[in-house]
Amino acid sequence: MFKRVPGTRDILPGEISWWLKIEEASRRIFSLYNYQEIRPPLIEDARLFNRSLGESAEIVQKQMFLVRNNEDIYALRPEGTASIVRAYLENNLDKTNSFVKLYYTGAMFRMERPQKGRLRQFHHLGSEVIGSYQPQVDAEVISLGNRILTEGGINGYKIKINTLGCRQDKKELSSNLNKSLKDKLGQLCKECQVRFERNILRVLDCKNESCREVVSSLNLSGSHICKECADHFKQVREALDSLKINYQVSPYLVRGLDYYTRTVFEFIHPNLGPQQDALGAGGRYDNLVKDLGGPEIGAVGFAFGMERLLIADSPQPTVNSNKLVYIITMGDAAKKQGVRFLDQLRRAGIAADTDYEGRTLKGAMRQANDLKAGFVLIIGDNELNKDAVTLKNMSSGEQKEVKSADIIEELKC
Ligand code: HAM
């Protein structure tokens, strides 16, 4: 028998109501905040990600699913931000209304070592606001993420924020780190020894115990942040305070993608475990639009990992059979009448189903119970002779005879 590819999941019917709950809450909230949906393709020119995330980013180095087509190399998208900026520019959105507020949902692909909360195919629920440098937008985006979590019924998370400063500030921090970590390389984990060469900022948010010890002894003062960036961050915090959003400033939060500058943030949850505790994350990417050939404009966004929200929420599987009417027939003539009723009920907007497996009356009643049907409609010879059905209310247990012509009216009450 075939097995699913490691790091992928089957989202089974019992889980779908949870996905719908989060997606519906998000759509409502995005619309309240005046965001519009965008659906870019799942495959892109691989160079888009190399350019946006940075050649040294772990995703680009080792996690991209690549598809070769003659000279072209496509990537299954590992994230949404780069695709959305590409779509924004390619479709000239910058020419019609340069300020846009967008949201998206869908599958992302990264060739990771699979473990709890770390998949090879996972789903993002994200937003990107392109066209503004204003710190109030950063606060809006964080408050939007916060609202999705609270209205999605997810509790117990924390918000961490930091500022990376501008590109110049990041360079300065990198060179400071280079000097202070050079003598401590032996105390860093293997991955951080590579990061030291390729992407030294990532050493700061490594989860490994010994790296944490080294990092906490560095006493980061934030002195590499220039005045404009410090002021921007102050205004982000003030806006969050006025929105009454709880957050922690975390000077070690850096994020792994090259495009980030200034504000970065994460929503973390204890159920996810110490290795990857982020339900979602985001930040500013004020240089990306220009780097991809567009105008010089600021942008900020975030993405939640749906599967991580699921771990944090841990819902019970449910059968979504709200007021399902289950039809049980006895005999061939009744079966024909049952098919007509099924169609009539569904046309009237009433969810209906029947037994297609030849169950006995007892077995079919058990099935109706398992499906959590609201009503059972029984048709046998007796009912056919009277042009009626027997209707059982499954929650009260009450059973009565109803004329065939009145059944829709009766069920709609
Ligand atoms: P990211 O931190 O790489 O950011 O991913 C966002 C979220 O996706 C993570 O916090 C996590 O919940 C989830 N996630 C990431 N990788 C996996 C995985 N292998 N398995 C399961 N879940 C995962 C971005 O992708 C940015 N594009 C976010 C952003 C939008 N920044 C600005 N705008």
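Hydrogens, waters and symmetry mates play no part in the numbers below; they use all other heavy atoms, side chains included. Both ligands and their constituent atoms are indexed starting at 1 by order of listing. One is the number of the first residue; the rest follow in order along the sequence. Worth saying up front: this structure is predicted, and the values here are computed from it rather than measured.
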Would you confirm whether the ring centroid of F267 sits within less than 6.0 angstrom of the ring centroid of H269?
no
Looking at R77, R51, R86, which one forms a salt bridge (Lys or Arg N to Asp or Glu O under 4.0 Å) with E44?
R86
F30 and F302 aromatic ring geometry - parallel, tilted or perpendicular at 30°/60° bounds
parallel
Sub-6.0 Å ring centroid separation between Y103 and Y35
no
So, Y252 and N162: side-chain donor and acceptor under 3.5 Å apart, yes or no?
no
Distance (rounded to the nearest 0.5 Å) between W18 CH2 and E23 CD
8.5 Å
For ligand 1, give me the residues whose heavy-atom distance to it is below 4.0 Å, by chain and number please.
E79, T81, Y104, R110, E112, G117, R118, L119, F122, H124, E128, R255, Y259, Y260, A278, L279, G280, A281, G282, G283, Y285, G301, F302, A303, G305, R308
